[in-house]
Structure formats: C-alpha cells, structure tokens
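Structure first, then comments.
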Amino acid sequence: MPKVRTVSEHGSFRLVERDGRYAVIEARDGQVYGLHGEAGDRPGAPDRPDAAEAVVAPGDWSAEDEARRRFEELTTRGEELARKIW
C-alpha cells in the first residue's frame, strides 16, 4: 500500500501526497472525507494514516499545483465563512 503523507493542514482541510500525486481531504469529528460526491454523500473513513486511500478515488489524485490551488481556495473560503458566522 502506498504511503500517504500530510503536506499541509489548515482548519479541517488537509493537502496530502501519495507517490507524487496530491489530493485535498477534509477531517472532522474523527472522520476523513473526500471532496467528491454529492453533498451529504461524500466518501468517509475513520481518521487514520491510511484514510486518504479510502476516500480519494484513484482518478481524483492530481498534480501538486492543481491540488495546492484547490487547498488554498477551500481554506480561504472556510476562513471567510467563519468570519461571517462569528
């Protein structure tokens, strides 16, 4: 099984890497979620080191620059939302 490592973490989002490919996942309440799928129907797994393998489909891993762009977009939107709520 390929080793997945967390590259960056901000809020509930993690940028992870596996074999030179990258993905963004969300971790909350002891679970890790993929970012694909319909609202409320995203794949989830217990938050363990191998969880990204379970929630990121093989075709959803991308190049580093694309994944970093998505990570930055999601963390920025999350901070903006938090400011509005609080």
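Given the structure is predicted, the values throughout are model-derived calculations rather than measurements.
- Going from atom CZ of R70 over to atom CG of L15 covers 11.5 Å, rounded to the nearest 0.5 Å.
- By the side chain to side chain donor-acceptor pair (under 3.5 Å) test, E17 pairs with R5, sequence neighbours left out.
- In terms of hydrophobic clustering, with Ile, Leu, Val, Met, Phe, Trp and Tyr side chains grouped at heavy-atom distances under 4.5 Å, Y33 and V7 are assigned to different clusters.
- Shortest non-hydrogen contact noted between V55 and I25 is CG2-CG2, 4.0 Å.
- The two residues F13 and F71 come nearest to each other via the heavy atoms O-CE1, 3.6 Å.
- You'll find the side chain of L74 reaches within 4.5 Å of the side chain of R77, heavy atoms only.
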### Task
Begin with the C-alpha distance, continue with both residues' side-chain angles, and end with the deciding distance and a verdict on side-chain contact (heavy atoms from CB on, under 4.5 Å) for Y22 and E66.
CA-CA 8 Å; Y22 294 78; E66 182 181 334; over 6 Å; no
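- The nearest pair of heavy atoms linking P49 to V4 is O-CB, 4.3 Å.
- By the salt bridge (charged side-chain N to carboxylate O under 4.0 Å, His left out) test, R21 is found to be paired with no residue, residues two or more places apart in sequence or in another chain being considered.
- Contacts of D65 classified as side-chain contact (heavy atoms from CB on, under 4.5 Å), with partners at least two apart in sequence or in another chain: A63, R69.
- Smallest separation of non-hydrogen atoms from G44 and Q31: C-NE2, 4.0 Å.
- How far CZ of R18 is from CG of D50: 12.0 Å, rounded to the nearest 0.5 Å.
- Legend: residues meeting side-chain contact (heavy atoms from CB on, under 4.5 Å) with E72, ordered by chain and number and at least two apart, are T75.
- Under the rule for a side-chain contact (heavy atoms from CB on, under 4.5 Å), the partners of A23 that lie at least two apart in sequence or sit in another chain are V16, V56, W61.
- The salt bridge (charged side-chain N to carboxylate O under 4.0 Å, His left out) check on R14 picks up E9, D47, with sequence neighbours excluded.
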